[in-house]
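Working notes, beginning with the structure itself.
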Amino acid sequence: MSRVQLALNVSDVDEAVAFYSKLFNAEPAKRRPGYANFAIADPPLKLVLIENAATRGHGTSAALNHLGVEVESTDEVSAATTRISEQGLATTTEEATSCCYAVQDKVWVEDPNGAPWEVYTVLADGPDAGPRNIDVTDGMACCASTPTGNAVAIACC
């Protein structure tokens with residue numbers, strides 16, 4: 001099953017977990033310090049919350065961390081990489097990347113406005129969040145360089 005991923009920067013992960021638990025009538029699938037994710041069945045959604053105190057008061061644009069599509073296998077990530085590349089879009093791939101408390105294979109691409117999208121599969125639970133870097137546009141980020149190289153990093157989950 002594929003599902004869309006929405007990763008949000010939140011100023012207080014506990015407050016956000018309480019809100020989204022009520023909104024989607026679901027509990028987080030994973031909780032770590034400053035991090036939570038939900039695997040919501042209806043609608044099919046992977047919701048990721050990444051604590052970033054700088055988010056408070058900056059509205060929707062500061063809240064978006066990245067977007068993604070979770071797939072079931074590395075073969076699906078490879079197929080997406082081939083398809084996206086054949087369409088002439090710049091991609092960045094990562095294999096067995098430890099990020100956001102999971103080991104993942106993934107491919108990154110940016111939309112025309114620079115919004116980062118990932119197609120990824122989770123290979124295993126991970127011991128830590130992975131590297132965290134501040135994007136030059138004041139966003140919270142971790143794990144991977146952007147395909148265009150304009151920002152120092154983009155988020156992962």
Side-chain angles (χ1 to χ4, degrees), residues 1-74 76-77 80 91-111 114-147 150-157:
M1 168 193 75
S2 296
R3 61 182 163 199
V4 170
Q5 175 187 339
L6 175 61
L8 300 175
N9 291 319
V10 298
S11 59
D12 181 323
V13 75
D14 295 327
E15 181 179 56
V17 164
F19 173 81
Y20 286 106
S21 293
K22 293 173 187 173
L23 179 64
F24 290 110
N25 195 30
E27 293 301 314
K30 185 181 289 188
R31 286 287 309 261
R32 300 292 191 274
Y35 176 88
N37 78 41
F38 292 78
I40 300 166
D42 188 21
L45 173 67
K46 179 73 167 262
L47 176 64
V48 178
L49 306 173
I50 301 168
E51 191 165 70
N52 177 0
T55 301
R56 185 168 299 282
H58 287 90
T60 307
S61 63
L64 179 63
N65 188 289
H66 70 284
L67 303 154
V69 177
E70 182 179 20
V71 297
E72 293 185 17
S73 71
T74 296
E76 290 176 271
V77 173
T91 61
T92 300
T93 58
E94 295 179 280
E95 296 176 352
T97 296
S98 182
C99 186
C100 296
Y101 304 99
V103 178
Q104 307 166 2
D105 285 345
K106 60 179 76 184
V107 60
W108 290 99
V109 64
E110 288 183 352
D111 81 0
W117 277 88
E118 67 176 329
V119 177
Y120 72 100
T121 190
V122 174
L123 304 173
D125 200 33
D128 58 35
R132 296 244 182 190
N133 301 307
I134 301 299
D135 185 321
V136 293
T137 59
D138 296 326
M140 185 62 154
C142 67
C143 295
S145 299
T146 61
N150 290 338
V152 292
I154 53 180
C156 63
C157 298

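- In plain terms, the two heavy atoms of Asn65 and Pro116 that are nearest each other are O-CG, 3.8 Å.
- Between atom CD1 of residue Ile40 and atom NZ of residue Lys46 there is a gap of 10.5 Å, rounded to the nearest 0.5 Å.
- Distance check, rounded to the nearest 0.5 Å: CG of Asn37 to CG of Leu6 gives 12.0 Å.
- Under the 3.5 Å distance criterion, the side-chain polar atoms of Ser21 are matched with a main-chain donor or acceptor of Ala26.
- How far CG of Leu45 is from CD of Glu70: 10.5 Å, rounded to the nearest 0.5 Å.
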Practice prompt. Dump the intermediate steps for side chain to side chain contact (heavy atoms under 4.5 Å, CB included) on Val48 and Gln5, then the final yes or no.
Written response: CA-CA 7 Å; Val48 178; Gln5 175 187 339; 3.6 Å; yes
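- Legend: residues meeting salt bridge (Lys or Arg N to Asp or Glu O under 4.0 Å) with Asp125, ordered by chain and number and at least two apart, are Lys30, Arg32.
- Evaluation of the side chain to side chain donor-acceptor pair (under 3.5 Å) rule for Ser73 yields Glu76 as partners, not counting sequence neighbours.
- If you take CZ on Arg31 and CG on Asp14, they are separated by 5.0 Å, rounding to the nearest 0.5 Å.
- Of the possible polar contacts, one joining the Thr121 side chain to the Val71 backbone as a donor-acceptor pair under 3.5 Å is found.
- Separation of the Phe38 and Phe24 ring centroids does not fall under the 6.0 Å cut-off.
- Scanning for side chain to side chain contact (heavy atoms under 4.5 Å, CB included) contacts around Ala39 gives Arg3, Ala29, with sequence neighbours left out.
- Considering Ile50, Leu49, Asn52 as possible partners of Val13, the one that fulfils the side-chain contact (heavy atoms from CB on, under 4.5 Å) test is Leu49.
- Not counting sequence neighbours, the partners of Thr74 by the side chain to side chain donor-acceptor pair (under 3.5 Å) test are Asp105.
- Closest approach of Ala96 and Leu123 over heavy atoms only: CA-CD1, 4.1 Å.
- Side chains of Val119 and Trp117 form no contact here, defined as non-hydrogen atoms less than 4.5 Å apart.
- Atoms OH and CD, on Tyr120 and Glu94 in that order, are 13.0 Å from each other to the nearest 0.5 Å.
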